[in-house]
Amino acid sequence: MIEIKLPDGKLLKFEKPTKVKEIAAKISKSLEKNAVGAIFNGEIIDLHTPITQSGEIRILTAKDPESLEILRHSAAHLLAKAVKNLYGKEAVKLGIGPATEEGFYYDFDLPETISQEDLEKIEREMERIVKEKEPFRREVISREKARELFKDDKYKLELLEAIPEDEEVSIYWLGDDFFDLCKGPHVEHAGQIKAFKLLSTAGAYWRGDSRNKMLQRIYGTAFWKKKELEEHLHRLEEAKKRDHRVIGKQLDLFGIYEEAGPGLVFWHPKGAVIRQEIEKWVEEEHRKRGYERIYTPHIMKAELWKTSGHYNFYRENMFFVPVVEHDEEERLGNEEVPLTCSEIEKAHWYAVKPMNCPGHILIYKSQPRSYRELPIRYFEFGTVYRYEKSGSLHGLLRVRGFTQDDGHIFCRPDQLKEEIQGVMDYILELLKVFKLDYVINVGTKPEKYIGSDEAWEHATKALIDALEERGFEYNIVEGDGAFYGPKIDIAVLDAIGRKWDGPTIQVDFNLPERFDLSYVDKDGQKKRPVMVHRAIMGSIERFIGLLIEHYAGLFPTWLAPVQAVVIPVSDKFLDYADKVYRKLKEAGIRVELDDESAKVGYKIRKAETQKIPYMLIVGAKEKESGTVSVRSKREGELGAMTIQEFLDKILTEIKEKR
RNA sequence: GCUGGCGUAGCUCAGUCGGCAGAGCGGGGCACUCGUAAUGCCCAGGUCGGGGGUUCAAGUCCCCCCGCCAGCACCA
């Protein structure tokens with residue numbers, strides 16, 4: 001007897017394995033018609049998968065977001081079939097083709113390169129199959145048969161071998177001339193895939209391993225309705241307008257110059273204002289939370305990085321600086337090369353810091369520490385340089401030189417949990433001020449690690465407890481911890497939903513050991529402190545990049561590079577405009593005077609596109625009454641108010657970080 | 001780093017088959033003295049990413065390098 005529990009608690013009983021479609025039919029006629037799949041015991045299945053055991057079911061229709069996975073997975077198969085039809089069944093080898101959060105993709109291995117223009121051709125072939133309404137059909141087969149069917153398809157064979165012995169092997173047919181090794185789920189027939197679009201091609205390593213061959217990946221997306229597809233594409237277009245690289249240029253916030261090198265950021269005056277405002281605030285918040293401000297050098301001896309382990313583990317990402325006695329004789333006729341071989345041989349090396357921890361450690365170590373001093377919390381805006389792979393660079397979000405709001409807490413093991421909680425609270429307070437979207441990930445013990453299992457357990461528990469006690473949602477990412485300790489990473493979302501790690505809390509058992517850190521405990525014994533690396537924003541560059549996208553360039557007034565602009569309606573009122581300008585300037589407002597001899601409309605447009613929060617229009621009326629006519633970027637026209645009234649308004653806004 | 005695409009004025013972009021480098025915005029000047037998202041006219045601005053090659057002739061075709069974009073890999 002199979003007992004199926006429905007979402008409303010009702011129980012349906014079946015004598016033999018039953019397909020979802022039949023279960024839906026039992027519930028209602030309309031559900032039978034609208035059902036596209038189901039979630040059974042937490043797993044998405046399609047209409048024709050027989051249910052062989054008792055459990056809970058929720059029938060999915062096109063209205064349920066989960067049903068998109070079924071549609072998109074089917075669209076991936078449809079794509080694969082179309083590519084095989086067009087490029088030859090023999091020539092095309094299939095990789096994998098799953099549904100993703102935003103759509104689907106399929107990986108192909110074929111001799112020709114698929115170009116962006118080819119996508120239209122493939123789409124047309126897909127549409128042809130859709131018109132034919134070719135059916136999807138599931139077939140459970142034996143391993144032997146599977147090996148036979150896929151004997152010419154090395155990728156599928158590899159996938160087949162990876163299926164656990166106790167799991168059944170299924171293939172899905174699309175029509176009668178295409179099948180794919182697949183667990184499902186799928187729609188009933190291709191005719192249901194009405195709204196889809198192929199978006200882009202890209203390379204992707206087989207099984208995500210850079211040692212493997214790179215396959216050609218085609219990305220696409222699919223929706224149940226054409227309108228939903230159009231809306232999605234429109235949203236993507238809109239999101240692209242929020243791209244911090246685009247806005248950064250429009251608002252003249254920062255630049256990255258070929259002459260200087262990739263991934264090296266130049267903050268222009270307006271971007272520098274934003275950065276400085278944030279730094280001022282963050283610095284003050286650290287002080288309030290018991291951190292001591294420090295500064296450490298940008299280059300330090302290579303030997304130090306050997307002690308810390310970075311030289312071994314991180315060398316390929318580090319910039320090195322040789323210090324040499326120049327050999328003038330050997331240099332003759334060799335001006336092109338900065339150093340000759342023998343100079344390099346004799347050089348002693350410094351490294352540009354890729355991290356700030358060793359610097360902080362040296363300060364901790366500079367004198368004996370008592371248990372009474374702990375926790376010691378050091379903080380600096382530490383600018384680090386990392387030689388990131390060229391392909392990973394991305395505007396402000398992934399750079400080679402960046403500044404961390406970096407802090408290190410040296411504490412006793414019994415203080416660990418409280419310290420983590422303090423940092424966690426701080427991070428979330430900060431994210432709240434900016435109203436950023438984020439996800440919390442906990443990285444646990446990786447395969448290669450140092451430190452005792454007990455220490456790991458203690459630290460991991462401390463991290464998780466800190467989250468649990470505050471009731472935060474989080475994901476455990478098994479094995480994602482650093483080799484030296486577990487961590488909490490907080491990923492902030494960019495305009496198109498990509499996740500970027502920012503705030504982080506990392507427990508470290510390694511460095512205290514390597515640098516032989518100690519404190520004298522109550523009992524007079526030397527003990528090893530625990531170290532917590534933490535950053536509240538992470539990298540200031542990345543954080544501001546994310547803020548630009550988050551605000552689409554319209555920064556809250558406290559951060560706006562220009563907070564107000566005074567616009568005289570004609571040159572005749574320049575004198576009064578200047579008076580207003582001076583008054584605001586005196587009050588500490590970042591204000592500009594638009595003294596260009598142009599029409600009001602033009603000046604307002606200019607201020608609007610520069611996303612200046614307040615425009616103060618002044619003419620005869622205002623001069624007469626000593627007022628300003630206020631137009632707010634956010635709230636529209638606010639009418640006339642006295643200069644003082646406006647000052648009160650904007651100063652409050654700035655103070656409250658709005 | 002890998003796969004594919006791209007690189008023309010400060011910005012956004014056009015440039016056909018290899019045949020005299022263009023537009024709009026922005027910048028400068030002049031006129032207009034203006035009331036809530038673009039006033040008009042004039043002017044300046046280019047080593048067509050860099051180097052090499054093919055050709056009578058290269059922005060355009062070929063090769064190498066640099067940089068950028070998408071994705072993959074990486075991300076202490």
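Naming: A, B, ... by sequence-line order, numbering from 1 per chain. All of these numbers come straight from a predicted model, not from anything done at the bench.
- On the P atoms, B:G4 is 14 Å away from B:C65, given to the nearest whole Å.
- The same atom, C1', is picked in B:C75 and in B:A38; the two are 45 Å apart, to the nearest Å.
- A salt bridge is absent between A:D501 and A:R542; no separation between the charged side-chain nitrogens and carboxylate oxygens falls under 4.0 Å.
- Checked by distance alone, A:S629 brings a side-chain donor or acceptor within 3.5 Å of a matching partner on the base of B:U36.
- Ranking B:C74, B:C34, B:G7 by closeness to the A:V600 side chain, first place goes to B:C34.
- Side-chain proximity of A:D571 to B:A73, B:U33, B:A70: nearest is B:U33.
- Comparing B:A73, B:G71, B:G4 by their closest approach to the side chain of A:A202 singles out B:G71.
- Counting distance only, with no hydrogens placed and no angle test, the side-chain atoms of A:S597 and the base atoms of B:C34 include a donor-acceptor pair under 3.5 Å.
- Contact of A:Y205 with B:G1 (side chain to base): a donor-acceptor pair of N or O atoms is detected under 3.5 Å.
- Rounded to the nearest Å, the gap between the C1' atom of B:G15 and that of B:A9 is 14 Å.
- For A:K241, the salt bridge (Lys or Arg N to Asp or Glu O under 4.0 Å) partners at least two apart in sequence or on another chain are A:E238.
- With both ends at atom P, the span from B:A21 to B:C34 equals 47 Å, rounded to whole Å.
- Nearest-nucleotide positions on RNA chain B for A:I617 and A:D209 put A:I617 closer to the 5' end.
- Of the candidates B:U36, B:A73, B:A70, the closest approach to any side-chain atom of A:E637 belongs to B:U36.
- Both distances falling under 3.5 Å, in either a Watson-Crick or a G-U wobble arrangement, occur for no nucleotide opposite B:U54.
- A:R386 has no side-chain polar atom (N or O) that falls below the 4.0 Å cut-off from OP1 or OP2 of B:C74.
- Nearest to the side-chain atoms of A:M214 among the listed nucleotides B:C2, B:A37, B:U36 stands B:C2.
- Ring centroid separation for the pair A:Y350 and A:F320 does not come in under the 6.0 Å cut-off.
- At B:G26, one or more side-chain N or O atoms of A:Y602 fall inside 4.0 Å of OP1 or OP2 (strictly under the cut-off).
- With a cut-off of 3.5 Å on both Watson-Crick or G-U wobble distances, the partner of B:C17 is given as none.
- Among the atoms of the strands shown, base atoms are found under 4.0 Å from some heavy atom of A:R631.
- Between the side chain of A:R398 and the base of B:C75, a donor-acceptor pair under 3.5 Å is found.
- Distance A:K487 NZ to B:C75 P: 9 Å, rounded to the nearest Å.
- Between B:A70 and A:H394, a contact under 4.0 Å exists linking OP1 or OP2 to a side-chain N or O.
- Between A:Y314 and A:H310, the two ring planes are perpendicular [angle over 60°; tilted spans 30° to 60°].
- Classification of the A:W456-A:Y449 ring pair by plane angle, with boundaries at 30° and 60°, yields perpendicular.
- Annotation: salt bridge (Lys or Arg N to Asp or Glu O under 4.0 Å) contacts involving residues 474-491 of chain A, sequence neighbours excluded, comprise A:K487-A:D489.
- The listed nucleotides are B:C11, B:G7, B:A37; the one nearest the side chain of A:R605 is B:A37.
- One N or O donor and one acceptor, one from the side chain of A:E622 and one from the base of B:G35, sit under 3.5 Å apart.
- Nucleic acid contact class of A:Y105 (heavy atoms, under 4.0 Å, all strands): none.
- Pair check for B:G7 finds B:C66; Watson-Crick or G-U wobble, both atom distances under 3.5 Å.
- Applying the Watson-Crick and G-U wobble criteria (two distances, each under 3.5 Å), B:C72 pairs with B:G1.
- Listed pair A:R211 / B:C2 fails the phosphate criterion, with no side-chain N or O lying under 4.0 Å from OP1 or OP2.
- Considering only the side chain of A:K249, B:C11 comes nearest among B:G35, B:C11, B:U33.
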